Amino acid sequence: MKILYFAWLKAKTGTAEEEVSPPAAIATIADLVEWLKGRSPGHADALSDLRLIRVAVNQDHVGLDHPVGPNDEVAFFPPVTGGGR
Amino acid sequence: MKILYFAWLKAKTGTAEEEVSPPAAIATIADLVEWLKGRSPGHADALSDLRLIRVAVNQDHVGLDHPVGPNDEVAFFPPVTGGGR
Amino acid sequence: MIRVQAEDFDPGAELAGFAAGNHKVGGICMFLGLVRDFLGAVPDGAPPVTAMTLEHYPGMTEKQLAAIEAQARARWPLEEVLIIHRFGRLEAGDRIVLVAAASAHREAAFEACHFLIDWLKTKAPFWKLEHAEGGDLWVEAKESDDLAAERWAKKT
Amino acid sequence: MIRVQAEDFDPGAELAGFAAGNHKVGGICMFLGLVRDFLGAVPDGAPPVTAMTLEHYPGMTEKQLAAIEAQARARWPLEEVLIIHRFGRLEAGDRIVLVAAASAHREAAFEACHFLIDWLKTKAPFWKLEHAEGGDLWVEAKESDDLAAERWAKKT
């Protein structure tokens, strides 16, 4: 499973992209977040407040109850701020 | 008093612009319309249905009860159709 | 700025020059109105329209457009406003009108631009005469244009 | 058409080429978003912002913008759609984004263009990092942008 971090999540985790192999019990984004928090204090910090975080699976926006599998690309990022003012 | 006609009112009256001197009793646009209808059958035809006509006094849109005086420029025209689609 | 003219204009050049160098501008909204292909706009059996002529009321046009610009500036915090409207003979694909509004904020730019074109269509003294093989016909005003303009009146 | 690029673009040339020669088009609505002067955007006492960097998620950006274009085309009868969004370092006055919609009718062009920019701002994975003398700060999403996007969701 490929994990991507953007904006301040990249700074806090110290990682832009990592390949992980969570146990089979990790079935949803919510499960995955809890599991990823164990990887480092930076991960725990970055993922501590789920209200500040948005998630995409295979480049589509999803909710915390979305399923995840070994071949998925999962991205964590803050709410987007593109466009003009 | 200067009277202007645009679009199909110009065709029906046969006039783009005319100088008129209505009697002092002609105090409003509604009075003026009735008076102008006596100028020719074309005028009577052009001004017969007030629902189809808009009026400007001194280049501002006005209603039928708007006052008119000797020095006014009064224009009659159909509802406007500028702009794109 | 208001321009009423028979000549064509270059929308790319207008956009390139519009609000250029004004760093208070965060958003520009621009609307360009064109003469659409007349095919399909004609009732069954009627001769096809080949061109149109836009008549206007010189003097009143500029006065009404200036009033519309002033209204827009009073309602939204605008940095720049541009209205260009052509008159005279026009054919399919020809440009008719360009309106643009620049503001610090995109919502103001959008709303002001939309307001400008909606009000222009019911306040500016232009009339379209369509030319067809069988003769000429004055285009009638659309109720939808009145409704579009009223929408803004209600918001005040 | 979707373009995501670091390079600047020429809005005048884009408008000049947009829907050119398509005589079904009666109206084009275009929005251009610029980097506004940072003065005044900074709280009292904070160091002035000098520039920003737009980070994005390559691949997802294109996918989301294409989905937004498809949504707009499904909702309005559009002849042409254009979205250009830059990423990388930008300074005051720089162009960020251009969206445009062409339709037979002006209302469709306006609504689709407005929808495109509103949805882009809440769906396309871009993040602004502002650079100031004291350090860098990630710009937080605005609730007003969420509300602007929701407005379109309610209409379906």
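All chains are named by letter (A, B, ...) in the order of the sequence lines, taking the proteins before the strands, and each is independently numbered beginning at 1. These figures come from a predicted structure and were not determined experimentally.
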Identified salt bridge (charged side-chain N to carboxylate O under 4.0 Å, His left out) partner of C:Glu107 from the options D:Lys121, D:Arg151, D:Lys142:
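The single option meeting the salt bridge (charged side-chain N to carboxylate O under 4.0 Å, His left out) with C:Glu107 is D:Arg151.
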In terms of heavy-atom proximity below 4.5 Å to chain D, should C:Ala148 be classed as side chain, backbone, both, or neither?
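Contact with chain D involves the side chain of C:Ala148 alone.
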Look at D:Gly21, D:Ala16, D:Cys29 and state which one has the largest set of heavy-atom pairs under 4.5 Å with chain C.
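Between D:Gly21, D:Ala16, D:Cys29, the count favours D:Cys29.
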For D:Phe110 and C:Phe31, I'd like to know if the aromatic rings sit close, meaning centre-to-centre distance below 6.0 Å.
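Yes: the rings meet the under 6.0 Å criterion.
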Region of D:Leu15 in contact with chain C, defined by heavy-atom distances below 4.5 Å
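For D:Leu15, the side chain is the part near chain C, not the backbone.
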Does any heavy atom of chain C fall under 4.5 Å from the side chain of D:Ala20, the backbone, both, or neither of them?
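Contact with chain C: none, neither part.
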Heavy atoms, side chains only, cut-off 4.5 Å: are [X] and [Y] in contact?
| X | Y | result |
| --- | --- | --- |
| C:Trp127 | C:Leu54 | no |
| C:Glu80 | C:Asn22 | yes |
| D:Leu65 | D:Leu120 | yes |

Show the nearest heavy-atom pair for residues C:Ala109 and C:Ser103, with the distance to one decimal.
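Answer, listing the atom of C:Ala109 first, then C:Ser103: N-CB, 4.0 Å.
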Sort by residue number and list every member of residues 112-119 of chain D having a non-hydrogen atom under 4.5 Å from chain C.
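The residues closer than 4.5 Å to chain C, in numerical order, are D:Cys113, D:His114, D:Ile117, D:Asp118.
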Enumerate the side chain to side chain donor-acceptor pair (under 3.5 Å) contacts for residues 10-20 of chain C, please, sequence neighbours excluded, ordered by first and then second residue.
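Of all non-adjacent pairs touching residues 10-20 of chain C, those that pass side chain to side chain donor-acceptor pair (under 3.5 Å) are C:Arg3-C:Glu14.
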How about D:His131 and D:Thr53: does a side-chain donor come under 3.5 Å of a side-chain acceptor?
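Short answer, yes.
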